[in-house]
Amino acid sequence: MNFVILMHIQLSGSVADEKDVEIIWEYHKAIWAFFVDKTDMMLWTFPFLRFLPVEVGRKYRRMVQAKEEVLKRFFQSNKDTYEAGRERGLVDFLLKIQSEERNDGEIQCLTDAQIKAMIQDVMAGGIGSVVNSILNILLLLVHHHDCVEGIYQEIVNVVGLDRYTSLQDRPAMPYTEAAILETLRYITHIPIAAFHCAREDIEIEGYTIPKEATVIINIWTIHHDAAIWGDPWVFRPKRFLDDNGALLPPEHALRQSLLTFGAGPRSCVGEDLARARIFLYLTSLVQKFDLLPPEEGTGISDDPRTFLPGPILRPPVYNMRAVAREN
Ligand code: HEM
């Protein structure tokens, strides 16, 4: 939930009130309900279903309504109250670019429709992906208690127990960083990157990708390729550490093969924010709680091949225990 509030500040420059949180959360839930159960695929095949009083149509209409509420709150209200020179957040800065283009008398590149699309990209791209990466890392920790201990020891050594962790602690906590990278690799909750288009003919290792071909990067296959990782189906954070326990540098071949956030000029704009949030959430939790499997039963598998499919993979609902540490 605090991530939702952060997204709100980023977009509008103000702190969310209860109603705002409700609007964003409803948007997240409506999108989620749309993509799981393959509602989107059903509508690609039978688009007329969106008008009918059937489940697929209801989910579609709920999503459209939630989207309209979000745009009313983040686009219209910002546009109505925008004052040049007093930009409050991302939407205001986009409005500033738009108004400057207009003042120059040049052709307008940033239209209202494009700003609205960006608001949706940031929301839809941002919330589900971070929520799921946190669900995944907690599930893995429940299955790998040695990893919880490794993170906890690092917190004790670097931060202690009397203050909260901060982003400044990250460089001194290589094991925690490695555990986050390994979760993002092992689970690969965004298995396919955004679709791209080749702007010209390209030759790669004897294959020609013709101009205007759609290029789809299969991150899942790269992240589970035995030729790169050796044992891709083993969750092993230490693969991202060198012999001295330091985090492998970003230019190392293994880090270069980690494409969680895509690559190149159209890679994920939210990477730094996402990795910072995951780090802070995880370390604050492990500092105060031990993470354990449920008391009854063994819980669900942490193998992503058993997860619910979709554009964002997610584990089935699971139980776990967070036991307060005695310190
Ligand atoms: C763990 C969390 C996240 C993961 C795994 C993730 C992953 C990705 C991937 C794979 C792409 C496509 C890159 C490509 O095709 O090369 C992407 C694009 C994008 N992501 Fe993320 N993302 C995450 C968090 C976020 C957050 C927090 C935001 C917003 C604040 C965000 C906003 C976007 C946007 C707007 C794009 C489209 C960029 C463009 O087309 O230029 N993402 N993300």
Side-chain angles (χ1 to χ4, degrees), residues 1-13 16 24-25 27-28 31-32 35 67 70-71 74-75 89-91 93-94 97 109-110 113-140 167 170 176-199 202 204 209 213-224 240 255-282 304 307 310-315:
M1 194 54 75
N2 68 355
F3 188 69
V4 168
I5 295 167
L6 199 79
M7 294 287 285
H8 188 282
I9 298 173
Q10 194 185 342
L11 283 167
S12 71
I24 303 179
W25 203 238
Y27 180 64
H28 169 64
I31 291 208
W32 204 241
F35 283 115
K67 180 190 91 174
V70 157
L71 292 180
F74 288 97
F75 179 73
L90 179 67
V91 176
F93 280 103
L94 294 171
I97 295 170
C109 296
L110 199 54
Q114 283 167 327
I115 299 180
K116 287 179 184 174
M118 282 189 217
I119 296 173
Q120 288 178 77
D121 273 359
V122 169
M123 283 222 178
I127 300 178
S129 52
V130 175
V131 169
N132 271 278
S133 52
I134 288 170
L135 283 178
N136 292 334
I137 200 160
L138 294 182
L139 179 62
L140 282 167
L167 292 178
R170 275 171 84 184
T176 305
E177 286 286 320
I180 294 172
L181 293 182
E182 177 66 343
T183 302
L184 295 172
R185 179 203 71 80
Y186 179 73
I187 305 281
T188 308
H189 64 290
I190 302 197
I192 307 282
F195 292 8
H196 294 267
C197 177
R199 284 196 292 189
I202 309 166
I204 300 177
I209 299 176
T214 302
V215 179
I216 303 172
I217 312 285
N218 188 337
I219 307 177
W220 172 272
T221 308
I222 298 168
H223 284 184
H224 300 109
F240 287 108
R255 293 281 303 270
Q256 289 287 311
S257 302
L258 189 70
L259 294 178
T260 305
F261 298 94
R266 296 301 298 271
S267 64
C268 177
V269 289
E271 172 171 359
D272 288 347
L273 176 66
R275 287 186 50 194
R277 294 313 298 171
I278 297 169
F279 174 85
L280 289 176
Y281 185 89
L282 176 66
F307 283 13
I312 301 185
L313 284 191
R314 57 174 191 145

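The basis for the numbers below is simple: all heavy atoms, side chains too, and nothing from hydrogens, waters or symmetry mates. Worth saying up front: this structure is predicted, and the values here are computed from it rather than measured. In each ligand, atom 1 is the first atom listed, and ligand 1 is the first ligand listed.
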Check: Are Leu71 and Gln120 close enough, and set up right, to give a side chain to side chain contact (heavy atoms under 4.5 Å, CB included), and what steps lead you there?
Finding: CA-CA 8 Å; Leu71 292 180; Gln120 288 178 77; 4.1 Å; yes

Checklist line | Ile134 and Val130: CA distance, side-chain angles, deciding distance, side chain to side chain contact (heavy atoms under 4.5 Å, CB included) verdict | finding: CA-CA 6 Å; Ile134 288 170; Val130 175; 4.1 Å; yes

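A side chain to side chain contact (heavy atoms under 4.5 Å, CB included) with Ile187 is found for one member of Asn136, Asn132, Leu135 and no other, namely Asn136.
Rounded to the nearest 0.5 angstrom, Leu282 CG and Glu177 CD are separated by 10.0 Å. Atoms OG1 and CD1, from Thr176 and Ile137 in turn, are 9.0 Å apart once rounded to the nearest 0.5 Å. The OG1 atom of Thr188 lies 9.5 Å from the CG atom of Asn218; values are rounded to the nearest 0.5 Å.
Atoms of ligand 1 lying under 4.0 Å from at least one heavy atom of Val122, given by number and element, are 29 (C), 30 (C). For ligand 1 and His189, the ligand atoms under 4.0 Å from any heavy atom of the residue are 1 (C), 5 (C). In summary, the atoms of ligand 1 found under 4.0 Å from a heavy atom of Val269, numbered by their order in the structure, are 32 (C), 33 (C), 34 (C), 35 (C).
Proximity of His196 to ligand 1, defined as any heavy-atom pair under 4.0 Å, is confined to the side chain (atoms from C-beta onward). By the criterion of a heavy-atom distance under 4.0 Å, the backbone of Ala263, and not its side chain, is placed next to ligand 1. Both the backbone and the side chain of Thr260 come within 4.0 Å of ligand 1, counting heavy atoms alone.
The shortest heavy-atom distance from Glu271 to ligand 1 is not under 4.0 Å.
Using modelled atom types, no side-chain atom of His196 and backbone atom of Ile216 make a donor-acceptor pair closer than 3.5 Å.
Between the choices Ser133, Ala194, Gly264, Gly262, the shortest heavy-atom distance to atom 12 (C) of ligand 1 belongs to Ala194. The option from Ala117, Ser129, Ala193 that lies nearest to atom 23 (C) of ligand 1, judged by heavy atoms, is Ser129.
Looking at ligand 1, you'll find an N or O of Arg266 within less than 3.5 Å of one of its N or O atoms.
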